[in-house]
Structures are given as C-alpha cells and as structure tokens.
> 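First the structure, then my questions, so here it is.
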Amino acid sequence: MDKGPIEFTDKVVKISSEKDLPEAPISQGFTLTNKTGSWRNVRPVLTEQNAPCQNACPLKVWVQSFIDLLTRGMPEKAALEILKNNPFPLLTRKLCKAKCEIACNRRKYDAPISIRELEGFVGNIGYEKGIFPERGEVLNKKVAVLGNSESVMSAAYFSFLYGMDVDLYTTNPFEGLELTKEEIEREKRRLQDMGIKIISKEAPLDELLNDYDAVITDTKEVENKLTFQTDNEKLYVVKPERKDFSRDLYFGKRAAKSVYQYLSGEGIQKDPPPPRSVSFNNIVLDYFEPAERIDKINTMEDAIKEGNRCFSCGHCNSCGNCYVFCPDAAISWENNLPVINYDYCKGCGICVNECPRNVLVLVPERG
Amino acid sequence: MSLKKVLTGNHAVSYGATSARVQVISAYPITPQTTIVELLSEIVAEGKLDAIFVNVESEHSAMSACIGASAAGARAFTATSAQGLALMHEMLHWAAGARLPIVMANVNRAMAPPWSIWTDQNDSLAQRDTGWMQFYTESNQEAYDYVILAYKVAEQVLLPTMLVLDAFVLSHTSEPVEIYDQEKVDEFLPPYEPKFVIEPGKPLGYGALAKPDTYMEFRYKMQRSMERAVKVIEEETKKFNDMFNRNYGLVEPYMMDDADYVIVTSGAMTSTARAAVHELREEGNKVGLLKMKTFRPFPFEKVREYLSGRKKVAVLDRNISFGHHGIFYEEIKSAMYQVEPKVPIHGYILGLGGRDVTKKDIKEIYEDLQKREELSEIVWKGVKL
C-alpha cells in the first residue's frame, strides 16, 4: 500500500472510486495541480523605484544600488556604478552640497546616510583600480571641449562615455575651485587614461567649429539652460553657477548628452522629470533599528557599517522578507532576487506589507 | 512463565502498555487516571520499556503528541478521564480521521458540574461518534488484556481504540492480574508496521484538504473499516483466548441458554449483575446476563443473536443522553427494531456519578422488568424522589 516517496508533479490524480484512495487521507499528489493564482485580484510586482537621494542628486547617482553593491562585498562594481553618473567622486566628496543627504528618508528616522562620504570613499576604489565605466558605441564623431571649468571637464568625460572622440582644450583645468595641484593633476591624468586627448592651449572657436563635429565650451554666455545647444547647432555652451558643484557637473553631463543626441541623429530632447521617489511613509520601520551615523568614512569597515544603515528605498537588496513571509511558497529565489510564481500567488499582499523598502507593490489584475 | 501480580486496574493498564511495547506515551494527569501514566513514567525511567515519555500541558496536546508519534510510525499510548477526554475531543476526530492506531485508556468518570471524580460512562459515550473503537472492561485482568488486544485490532483496521475502565471500582481496586511472558505477547502482537509514515526526505501531506469530490469516500472507508473491525475483533479475540486461556468476545453471555429475561450491562457492574443472576437462577428464575464488551463497532449480529426470542430485556445504563434515554438502551433497541417477533426492551438508568450498583439493585430491576408494560419510559433506579 505504501507507494514510497511521491514525485513532485503537477499531474492530476484521478479519483474515480474510493478504491483509488488510500485508507488514510494522505497526499496522492501535490497541490501544484490547483493553480490558486486564479483566485487573485491584485498581484505583487517587483519594481525598481527612485529613492529621494537619487532624485535630489543633480547627477542622478544611483545611490541605493552602489550602497547595495558595496554591502554585498562588491566595492569595484559599486565604484563603477558611481562613475557612470559622477565623473569626479573625489571632488564631490570635497565640494558637493550633498542634497541627497538632505532628502535621505533615514533623516526622519535617526540621521541621514553619509552618502557624500561613502560615494567618495567608494569612488576612490575606482580610481585606485583604474576603473572606468563602459563606453557607449563609438560614433566616429569628433568633439572639441574648450575651457577650464568643472562643467566642461564633466562635458569631456561624458562625451567620451557617449562614444565620441574628445579633444579637451584646457590651459587651467578646474580653475577657480579650492583644489590642490595634486587633486587637479589626478583628475587630469584620469581623463587622459580614459582616452581623452588633452591639449594645453587655447584654440579659436571658429577653427574648432570647422574642424570638429561639435564643440562644447564655457567661453561664451549660456543661451539654452535646458539642452545647452546654441543657435549654431554644433556649438554647446555651459557655465558653472558655482552654487552647487554637482549641478555644475550636471551641466556638462547634459551638454554631452545633447551633443550625443545631435550627432547620433536621435534629436535633442529635454530630460524628463524623474519618477516619484519612495517616501518615508513607505518604509516599514519594524525592520530597522537606530544606528549611529558615521560622518567620516576612512575604512572599508566604516563604509559597510554605514552602508548597512541604508533603507535602500525602492531598490531590492535581497533582504528575503517576501520569500520568508509568503504563506504559499509562491516566491522563489533566483539570482538573489525574488521571483513570484503567479500560477500560485493568491495576491494576499503579505510580501508587499513586509517589504521594508516598497520594492514590491500591489497592482490590480486586469480583466 | 506468566506472573500473577496484585494490581489496581490502573496499574494493570500500565502493565498492558508495557507488554504491548508502546513506543511513545504522552499524557496529562487527571484523577482517576493519573496512576496509569505515573507507573508508566517510572517503567520508562527505569529503562524497562524502550519508549519516549512526552510531558505536555494538556490532554489536547497529549493526543496531538500521540497523533504525531503515530503518524511517524510509533506505537502511541495515552490515558485520560472525563474532563481530560472532553478536552481531547477535537484531536480524537483527528486521530480517527487520519487513521492512526493510537490506543487510549479512559477511566470512566462523571462529567462536571457538579464536580465528581467517580465512575459513570457519559465521558466515553460522548465520544461515540469520533471514529474510535470502544471496549468496556469488567475487571483488571480485562483492562490489562485489552491494551494488547486493542493494538492488535487497531493496527489492522487503522482506527484508534479506547479501552474503558470504571473509576475506583477498577482503577483503584486491586485484583490478581496475570502478566504474560513478553515472548508470548510479542508472538501475539508483533511490532507495529505502519502503512503510511511521515519521515524526513519522504514528503507526504497528512490530513490535507479533501474537496467535496473525495471527502465522502474517506468517510465511507472509515465506516467500512469499522464494519471490518467486527470480524477482526472476533478473530483476534479467538486467537487471544486460545493463547492466553481467556473467554472474551464482542459480547459475553452468562446463563443465557434458556433465559426468558435478559439483563444487559457493561463495565464493572457486570460482576455484580453476574452474582445477582447466579442467585436468581438458584431461586429458579430463567434469567441471563449479556455483557456489552464492544460498543464501537456496534456488535449488531451478536446482540440480535442473543436477544432474539426473549420475553423481556432490561438494559442497564450508567449514563444518560439528556432528552433521550440511556445510550446502550437506545442502541440495543435500534439494533432489535427489525427483529420479529418484537422483544420488549426496557431501559434503566443507575449508578450515575459513582453511586453503588448492588446485587439488590439488580434483583429489584429483574422484579420490575417482569411486571413492566409500558415501553420507552425511562426507569431511574435508585434516584431519591
């Protein structure tokens, strides 16, 4: 009578008479045949949402992601994540106003994360290892970047990342900023190591406009504060405001993007407004406990400790709560992320309630 | 060599469980049951029985622990009484529905309030419909024997079994009890070989949801097993009788051959009734006695066989189903409904809450039976009106 271990199968066991049943009410198969997902009227969905820090950052550094990578023991990947959006993390560590920390949800709980410090510390790892973000498809377009300001330095960096060949005409890079000679040399060297040709002389704008496919400069007055393109479609003018260092870097980033959109034929478009960020009310505080903020980060230990304070608003950091709490075992764990099996998920919403960071959200079923 | 010991009914049960080599014991103390598991705990502690004794916080948990142990393939045993049995009620259904051959000794004790610790059958009979087999024992020897027999039957038909003994009259009264050689008991009752086992690495859902398309079939199977149990009990009792020189049956007749009048009893009062019937016979009365040993499964055929053709039958109930009648009375009457010619059956309620049932009472019932005409009237024997 004992049929041994039952195979995991979604085969339907047919019971046509009492003879097909064992004496005791033991399982004849698995309830996998009963696709309880059909009971659902709302479904939990794994989302990636913006955090307030990210939205507050002029450069839109993906803070939650780099902190997540750092705390998982991947500092190089974390550095790479920063360098995708912030060309000079060692300079922002010194000069940025850190609006991210003003916006940080954790401010309402105990104290904001030391994002600026973390970003600088992790960015430095990228510098030490000579890491650069992957360059976009090479366009075979030549761009001249002319000037000394941080905005044009940033424009050179991003133009190169967008896949354009960059000649940087500069006589006194990062002019007017409180930086040491060493700091300036370090950044200059990095731009060269990246693949940017630095020409330490001035050049007449007319010539450059003739010789290059596009020119970005800070030597004229800004005409267009959204895309930085001038009446001459080949000419882009940026200028630092010197109110917020990161915003000044953003100008260069945006100008480089406009140039790319122009040269690739995509057509220049304004930046869309960022999506709404996860608010403090969306954070499930039961899963956190107060921890002292580390103001100055000098060691990897400090960095990870501070990183662990992060709520990781809107970004799944694989805490596993949804997996643990799913009463129907409808959540599996693949590549460190929850995978919801909608064949069996009844839409009870427990995973959504227990997600500390609003990554899982409930959406109505259609139809 | 078997050994005669002077034992209380409760200790006879403890020895029964030891002879049956139970593997898991879980119980909660309650008067008048406590000494059963008290002695068992000593036997286990002394290493004389290879079993796990699980202390729990209630009878509900005691039965739950037995259910878990039995599902894992162990021979499980518990004992309780009255309020404790009532608290177990939910899990009694579970044990039976899951088809687990657990054996339990229930020491009959009257239900409170008013508070009582003395014998009557309402506690066990209230569990009539849970799917447990029930054996009512008359003596300490029977209490010992029926632990062993209960496992033998239960493990074949996959139904839990309750053996019932009277509070104090048996539980705390000493009698000589023959304890059998372990080898002989082992020969009669081999180790339990479960048909279904919960074990790690062998996933099995036990007692999961049965939708309306299968639930009824499981109930049908339970009833069929109960019906089959009648035959199994008869066969196993016969084997037991041969092996251990006993004279047990589903029901047990005394001086029934030519009896016109029959007194039906259960439990310890049977011994008193037997003495009364013996004396009545000596005085020339054609009266016999039928002892109801097995209550579930109900021995329809045996009851019909022994009661057909009698002039009158008196059923003695140490219990009452409020708003109806004595429970044995109801059931015997319904078993006899289709028998022609009709046998007049009268029901007597007596001995509730441990009130003594004497030979004089039995003889008076016999006198009353002879003149009583009206059927279906409850006769309260000995109530102070």
Side-chain angles (χ1 to χ4, degrees), chain A residues 1-42 320 322-334 338-351, chain B residues 66-74 76 91 93-102 131 133 153-160 192-229 232:
Chain A
M1 204 185 286
D2 188 353
K3 289 170 188 163
I6 290 168
E7 280 173 44
F8 278 96
T9 169
D10 58 359
K11 211 173 70 197
V12 175
V13 180
K14 287 256 184 248
I15 309 288
S16 51
S17 98
E18 56 96 14
K19 291 179 187 66
D20 298 332
L21 292 167
E23 285 295 298
I26 55 162
S27 50
Q28 293 306 286
F30 279 82
T31 50
L32 296 178
T33 52
N34 188 8
K35 295 204 169 162
T36 49
S38 63
W39 306 1
R40 193 178 56 237
N41 58 29
V42 284
C322 50
Y323 175 78
V324 170
F325 281 100
C326 176
D328 276 306
I331 295 180
S332 57
W333 207 247
E334 289 171 28
V339 176
I340 300 166
N341 188 337
Y342 293 108
D343 277 351
Y344 302 103
C345 166
K346 293 175 187 147
C348 71
I350 289 175
C351 57
Chain B
C66 286
I67 286 167
S70 186
M91 301 322 283
H93 281 284
W94 224 103
R99 309 300 301 275
L100 300 169
I102 298 162
M133 293 190 278
V153 176
E155 287 168 9
Q156 288 179 62
V157 297
L158 296 183
L159 287 169
Y192 173 38
E193 280 180 28
K195 285 170 180 155
F196 312 99
V197 188
I198 288 181
E199 55 182 302
K202 210 171 141 189
L204 196 63
Y206 225 116
L209 182 80
K211 289 190 280 183
D213 63 343
T214 46
Y215 183 90
M216 221 168 132
E217 281 67 24
F218 282 114
R219 286 296 169 265
Y220 172 82
K221 279 175 172 291
M222 258 174 90
Q223 170 62 12
R224 289 307 298 263
S225 294
M226 270 288 185
E227 289 165 8
R228 192 164 75 86
V232 176

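Side chains are part of it too, since the values below use all heavy atoms of this structure and drop only hydrogens, waters and symmetry mates. For clarity, every value in this text was computed on a predicted model and none was experimentally measured. Letters go in sequence order (proteins before strands), and every chain restarts at 1.
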> So which heavy atom on A:A24 is nearest to which on B:Y206, and how close?
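Shortest heavy-atom separation between A:A24 and B:Y206 comes out as CB-OH, 4.0 Å.
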> Specify the closest pair of heavy atoms between A:P25 and B:G97, including all atoms of both residues, with the distance to one decimal.
CD-O, 3.0 Å
> Partners of B:R224 by salt bridge (Lys or Arg N to Asp or Glu O under 4.0 Å), sequence neighbours excluded?
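Listed in chain order: B:E227.
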> Let me know if A:I15 has heavy atoms under 4.5 Å from chain B in its side chain, its backbone, both or neither.
side chain
> Which one, B:E217, B:E199, B:M222, leads in non-hydrogen pairs under 4.5 Å with chain A?
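Among B:E217, B:E199, B:M222, the one with the most close pairs to chain A is B:E217.
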> Looking at B:S225 and A:E23, what are the two nearest heavy atoms and their distance?
OG-OE1, 3.0 Å
> Would you say B:K221's side chain and A:L21's backbone share a donor-acceptor pair under 3.5 angstrom?
yes
> I'd like to know whether OH of B:Y192 has more than 12 heavy-atom contacts from other residues, nucleotides or ligands below 6.0 angstrom.
yes
> The criterion is salt bridge (Lys or Arg N to Asp or Glu O under 4.0 Å); which residues satisfy it with A:K346, sequence neighbours excluded?
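With sequence neighbours excluded, A:K346 shows a salt bridge (Lys or Arg N to Asp or Glu O under 4.0 Å) to A:D328, given in chain and number order.
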